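Below is one structure, written out as structure tokens; the observations come after it.
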Number of protein chains: 2
Amino acid sequence: MKKVKKETQLDKTPKYTVKEVAQIMKISAHTVRYYDNEGLIPFVSRTQSNVRMFSEYDLSWIRTVHCLRATNLSINDIKKYIDLCLKGNKTIQQRAKIIFNQEKNLKEHLKQLQEQMKVLQIKKKYYTNLLKNKSKDVWNPYK
Amino acid sequence: MKKVKKETQLDKTPKYTVKEVAQIMKISAHTVRYYDNEGLIPFVSRTQSNVRMFSEYDLSWIRTVHCLRATNLSINDIKKYIDLCLKGNKTIQQRAKIIFNQEKNLKEHLKQLQEQMKVLQIKKKYYTNLLKNKSKDVWNPYK
DNA sequence: TCTTGACATTAGAGCGGCTCGAAGGTGTAA
DNA sequence: TTACACCTTCGAGCCGCTCTAATGTCAAGA
């Protein structure tokens with residue numbers, strides 16, 4: 001028996017205000033509006049009095065934007081990715097390339113941060129010793 | 001027999017131009033000058049014709065700045081740290097606090113990046129499958 | 001000696017990604 | 001009906017570079 005993965009259907013009914021989205025995503029309401037203005041969140045609906053209302057579907061776009069931003073993809077490149085998504089199947093290769101590349105970048109970035117962590121921990125050890133021994137510090141490369 | 005750690009003496013003789021420092025530290029020459037102008041590299045000497053010349057001692061300051069910057073401490077806070085260093089022993093506690101705090105921040109940041117890495121890898125898997133099966137993509141939260 | 005070229009200097013503009021504030025609109029609750 | 005809590009847009013401000021323009025220095029080659 002073949003298993004068929006059920007397509008995840010995302011609710012498109014408007015539910016959340018900008019402030020609520022901000023709380024859910026842990027970013028500022030200003031930033032949410034900024035992303036919307038930059039076209040990174042397609043199809044955001046508005047009430048009759050022009051207030052943005054976000055659905056679960058919108059949230060899933062924001063999650064994508066947030067992930068790409070957190071891993072340091074520029075707003076411009078995120079915009080390109082989103083636009084490719086909207087163009088459908090014929091852009092799968094291009095989108096895949098962006099994601100693969102982004103994973104590579106993040107890997108490199110993580111490696112560098114981990115190196116800096118080592119440096120920081122040497123400094124930490126230096127100060128811990130200094131405090132413990134109540135000794136004077138001298139110039140050394142670990143300061 | 002008591003072991004006494006020998007104090008590391010850093011050479012203060014001018015050796016490197018801004019460009020050479022940039023190459024060594026893998027940052028732009030512009031940035032090196034910017035750090036100098038902001039007072040993050042104390043005591044940088046100049047030739048008679050006003051050209052910056054950096055010693056090993058200067059390099060060690062730059063390494064500190066670079067580490068703190070790479071772990072996202074603001075220029076302003078780095079300046080404060082450097083100034084505390086220059087004030088000597090009475091500031092050990094304050095400096096230690098900055099370093100300990102910075103290590104905590106970096107730890108948190110690393111944690112978040114690793115979470116985003118997971119998200120990226122889900123996306124990667126999604127596209128890898130799509131490409132392998134030459135199937136069509138549907139809207140799903142992993143896009 | 002003069003020119004060329006590779007470097008350096010400064011001041012200041014530009015940019016990305018927010019971040020904030022002002023000025024105004026809307027909708028509910030006292 | 002007034003207060004308030006939210007929303008809107010627009011534009012300025014900020015940080016940390018990043019780049020450009022205008023100018024200076026200096027060594028090598030014609």
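It should be emphasised that the depicted structure is a prediction, and the values quoted were computed from it without experimental measurement. Below, read A as the first sequence line, B as the second, and so on, with proteins coming before strands; counting in each chain starts at 1. Just so it is clear, the values below take in all heavy atoms, side chains as well, and ignore hydrogens, waters and symmetry mates.
Spacing between atom CE of Met25(B) and atom C1' of dC17(D) amounts to 16 Å, rounded to whole angstrom units. Rounding to whole angstrom units, CG of residue Asp77(A) and P of dG17(C) are separated by 9 Å. Atom CD1 of Ile62(B) is separated from atom P of dC17(D) by 13 Å (rounded to the nearest Å). Remark: P of dC6(D) and CG of Asn50(A) are 19 Å apart, rounded to the nearest angstrom. The nearest whole Å value for the distance from the CD1 atom in Ile27(B) to the P atom in dC17(D) is 8 Å. If you take CD1 of Ile78(A) and C1' of dC18(C), they are 13 Å apart, rounded to a whole angstrom. Rounded to an integer number of Å, the gap from CD of Gln23(B) to P of dA8(C) is 9 Å. Here dA13(C) presents its P atom at 16 Å from OH of Tyr34(B), a figure rounded to the nearest Å.
Listed nucleotides dT20(D), dC7(D), dA8(C) differ in distance to Val51(B); the shortest reach to its side chain belongs to dA8(C). In this structure, of dT19(C), dC17(D), dC7(D), it is dC7(D) that holds the atom nearest to the side chain of Val18(A). Candidate nucleotides dG17(C), dT9(C), dT18(D) were compared by shortest atom distance to the side chain of Ser28(B), and dT18(D) ranks first. Out of dT9(C), dT18(D), dC20(C), the shortest distance to the side chain of Thr31(B) is found at dT18(D).
Here Thr47(B) lies out of heavy-atom contact (under 4.0 Å) with every strand. Contact annotation for Arg33(B): base contact, defined as any heavy-atom pair under 4.0 Å involving a base atom.
The side chain of Arg69(A) contributes an N or O atom lying less than 4.0 Å from OP1 or OP2 of dC18(C). Arg52(A) has no side-chain polar atom (N or O) that falls below the 4.0 Å cut-off from OP1 or OP2 of dC7(D). Regarding contacts with the backbone of dA8(C), a side-chain N or O of Thr17(B) is found under 4.0 angstrom from either OP1 or OP2. For dT10(C), one of the phosphate oxygens OP1 or OP2 lies less than 4.0 angstrom from a side-chain nitrogen or oxygen of Arg46(B).
Mapping Tyr35(A) and Lys19(B) onto DNA chain C by nearest heavy atom places Lys19(B) closer to the 5' end of the strand.
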Chi angles and distances behind the side-chain contact (heavy atoms from CB on, under 4.5 Å) call for Thr17(A), Met53(A): CA-CA 5 Å; Thr17(A) 65; Met53(A) 291 302 283; 4.1 Å; yes

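Ion pairing of Lys80(B) with Asp77(B) is present here, as a side-chain N (NZ or NE/NH1/NH2) and a carboxylate O approach within less than 4.0 Å. With respect to the salt-bridge test (charged N to carboxylate O, under 4.0 angstrom), the residues Glu108(A) and Lys111(A) qualify. Using a cutoff of 4.0 Å between basic side-chain nitrogens and carboxylate oxygens, Glu38(A) and Lys79(A) are not scored as salt-bridged.
Arg33(B) is listed as a side-chain neighbour of Arg52(B), based on a closest heavy-atom distance under 4.5 Å.
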